[in-house]
Number of protein chains: 2
Amino acid sequence: MQQCCNNIFMKQFRNTTAKTTILNVLKNAEAALSHAELLTLTNGVCDRVTIYRVLERLVNEDNVHKVVTSDGIIKYAACNHSAHHSHDHVHFNCEKCKTTTCIEMVLPVIQLSNDYTVKSFNFTVTGICPKCN
Amino acid sequence: MQQCCNNIFMKQFRNTTAKTTILNVLKNAEAALSHAELLTLTNGVCDRVTIYRVLERLVNEDNVHKVVTSDGIIKYAACNHSAHHSHDHVHFNCEKCKTTTCIEMVLPVIQLSNDYTVKSFNFTVTGICPKCN
DNA sequence: ATATTATTGCAACATTGTTGCATTAACAAA
DNA sequence: TTTGTTAATGCAACAATGTTGCAATAATAT
Ligand SMILES: [Zn+2]
Ligand SMILES: [Zn+2]
Ligand SMILES: [Zn+2]
Ligand SMILES: [Zn+2]
């Protein structure tokens, strides 16, 4: 049992076809994808419920991060684990093409009074993206 | 028919008990409220569907604004139409008491490249609020 | 090859949001 | 006050989204 354990409950993760397919779809995607979009893009590789559960695991394993758009739609994007990676980055939501994309280079500046403890944030900017402009 | 018209389609709004009740509940609330919370707090004054429709009208009439939490839960807050009011302000989401509150005095600074057209944003910070700290 | 157990599929359910339509009630005008 | 117009409501029916329990399956360590 001498192996790397990447979760605090000591539960061993497994690489299943559902998981690798979903992660590959997310990695190849231009934008963040919703559960509904993943359901069609994975082309029946697994059940609807499995997608929910795989996404939860991928988020816990830090391979995918969750984005909530200004409309309240939940989307998922593969993490870019190059330099300066953080889940807390800005996301842009295009009104025209309806895509949600990561903007990792822009760091929002916010100054709250120090009786607030800030742990994370969700910052989604809505407008027209460069492609649609 | 000489009266004020506050919507672009020239449709006359009416002050119904459902609408005034919901707006009052929101005005008296400490935090933003979800549809489910409003359903219980209005105490059966109207149907579940009516709440959806009234909220839509209140948002269009600029009396209420919509907030999407980091969990994707949609909440509504009465607008504070005092000085410097803007719907685009930061919202704080407390992990402990689960409340979502407006933070109108803090203006987030963000610098996107100018091929983006920014129209609005949804900025929700998650952590522990002053009361729970 | 085998044992362990994480993962899956399926069914059933819960929650959230939408639509059509007949009825009701708010409000302007008489 | 009464009346006519139509915005607003209630209800039923539906669609979409998310959750849970459990038996069957399959990934991995040994
Ligand atoms: Zn676009
Ligand atoms: Zn991102
Ligand atoms: Zn709190
Ligand atoms: Zn607010």
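We name chains A, B, ... by the order of the sequence lines, and we start the count at 1 in each one. Values below: every heavy atom of this structure, side chains too, minus hydrogens, waters and symmetry copies.
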Value in whole Å for how far the P atom of D:dA16 lies from CD1 of B:Ile74
17 Å
Between B:Thr17 and A:Ala18, which has a closest nucleotide on DNA chain C that is more 5'?
A:Ala18
Those residues of residues 37-54 of chain B lying under 4.0 Å from DNA chain C by at least one heavy atom
B:Arg48, B:Val49, B:Tyr52, B:Arg53
Can you measure A:Phe13 atom CZ to D:dA29 atom C1' for me and round it to whole angstrom units?
17 Å
B:Lys19 NZ to C:dA25 P: how many Å, rounded?
18 Å
Is the closest side-chain donor-acceptor distance between A:Thr126 and A:Ser70 under 3.5 Å?
yes
Nucleotide nearest A:Arg14 when distance is taken to its side chain, options D:dA8, D:dA27, C:dC27:
D:dA27
Would you mind reading off the distance between B:Leu55 atom CG and C:dG17 atom P, rounded to a whole angstrom?
10 Å
Distance-only polar pair, side chains of B:Asn93 and B:Thr100, donor-acceptor under 3.5 Å
yes
Would you indicate whether A:Glu56, at its atom CD, is surrounded by more than 12 heavy atoms from other residues, nucleotides or ligands within a distance under 6.0 Å?
no
With sequence neighbours excluded, tell me which residues meet side-chain hydrogen bond (donor to acceptor under 3.5 Å, both in side chains) with A:Asn133.
B:Thr117
Determine: side-chain N/O of A:Thr16 to OP1/OP2 of D:dA26, distance under 4.0 Å, yes or no.
no
Under the 3.5 angstrom rule, does the side chain of A:His35 hit a backbone N or O of A:Arg48 as a donor-acceptor pair?
yes
Side chains of A:Asn15 and A:Thr20: do they bring a donor and an acceptor to under 3.5 Å?
no
Separation of C:dA28 P from B:Gln12 CD (nearest whole Å)
8 Å
Round to a whole Å and report the spacing from NE2 of B:His35 to C1' of C:dT18.
11 Å
Measure the distance from CD1 on B:Ile73 to C1' on C:dT16 and round it to the nearest whole Å.
11 Å
Check the distance between D:dA7's C1' and B:Asn60's CG and give it to me in whole angstrom.
14 Å
Output, in order, the C-alpha distance, side-chain angles, deciding distance and verdict of side-chain contact (heavy atoms from CB on, under 4.5 Å) for A:Val125 and B:Asn122.
CA-CA 6 Å; A:Val125 181; B:Asn122 186 80; over 6 Å; no
